[in-house]
Amino acid sequence: GRPWIAITILFLGAYASAFINPVLSILIFAVFIIELCKNCGIEPYTKLPTTLMMGLAYAIMLGQIFCRF
């Protein structure tokens with residue numbers, strides 16, 4: 001019912017898990033996004049999955065940088 005809240009929670013989870021292992025975080029969350037799009041019937045390589053993957057990479061990158069200080 002509230003997709004923006006779900007996307008925000010997804011990105012915050014990726015941000016928080018990035019300090020443990022960023023590579024593992026990107027693998028886990030990318031597979032989750034791919035399966036979510038398959039279950040919802042969203043075609044791959046459209047705007048939404050591409051934007052979610054870019055946002056995921058950005059959130060993990062910021063989480064990794066933040067935890068180094």
Side-chain angles (χ1 to χ4, degrees):
R2 296 181 171 173
W4 294 110
I5 293 176
I7 290 171
T8 303
I9 291 172
L10 177 79
F11 286 160
L12 286 175
Y15 178 82
S17 69
F19 73 93
I20 298 171
N21 190 346
V23 175
L24 186 61
S25 296
I26 195 96
L27 288 174
I28 291 171
F29 283 97
V31 169
F32 179 74
I33 289 175
I34 290 168
E35 290 298 321
L36 180 71
C37 289
K38 282 182 185 177
N39 289 338
C40 292
I42 300 171
E43 295 293 323
Y45 306 112
T46 56
K47 290 181 182 180
L48 181 65
T50 304
T51 306
L52 286 176
M53 290 293 183
M54 289 189 314
L56 179 68
Y58 187 67
I60 289 176
M61 179 184 65
L62 288 178
Q64 181 185 11
I65 291 171
F66 180 72
C67 295
R68 300 292 183 214
F69 291 111

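Treat the numbers as computed from the prediction; the structure is a model and nothing was measured.
By the criterion of side-chain heavy atoms lying less than 4.5 angstrom apart, applied directly or through intervening Ile, Leu, Val, Met, Phe, Trp or Tyr residues, Tyr15 is not grouped with Met54; the two fall into different hydrophobic clusters. Linking ILVMFWY side-chain heavy atoms closer than 4.5 Å, directly or via other members, places Leu12 and Leu62 in two distinct hydrophobic clusters. Hydrophobic clustering, with ILVMFWY side chains joined whenever heavy atoms are under 4.5 angstrom apart, groups Ile60 together with Ile7.
Distance check, rounded to the nearest 0.5 Å: OG1 of Thr8 to CZ of Arg2 gives 12.0 Å. Interatomic distance, CG of Leu56 versus CZ of Phe11, reported as 6.5 Å (0.5 Å rounding).
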Could you list the donor-acceptor pairs under 3.5 angstrom formed between side-chain atoms of residues 18-46 and any protein atom two or more places apart in sequence or on another chain?
{"from": "Asn21", "atom 1": "OD1", "to": "Val23", "atom 2": "N", "distance (Å)": "3.3"}
{"from": "Ser25", "atom 1": "OG", "to": "Ser17", "atom 2": "O", "distance (Å)": "2.9"}
{"from": "Ser25", "atom 1": "OG", "to": "Ser17", "atom 2": "OG", "distance (Å)": "3.1"}
{"from": "Ser25", "atom 1": "OG", "to": "Asn21", "atom 2": "O", "distance (Å)": "3.0"}
{"from": "Asn39", "atom 1": "ND2", "to": "Glu35", "atom 2": "O", "distance (Å)": "3.4"}
{"from": "Thr46", "atom 1": "OG1", "to": "Glu43", "atom 2": "O", "distance (Å)": "2.8"}

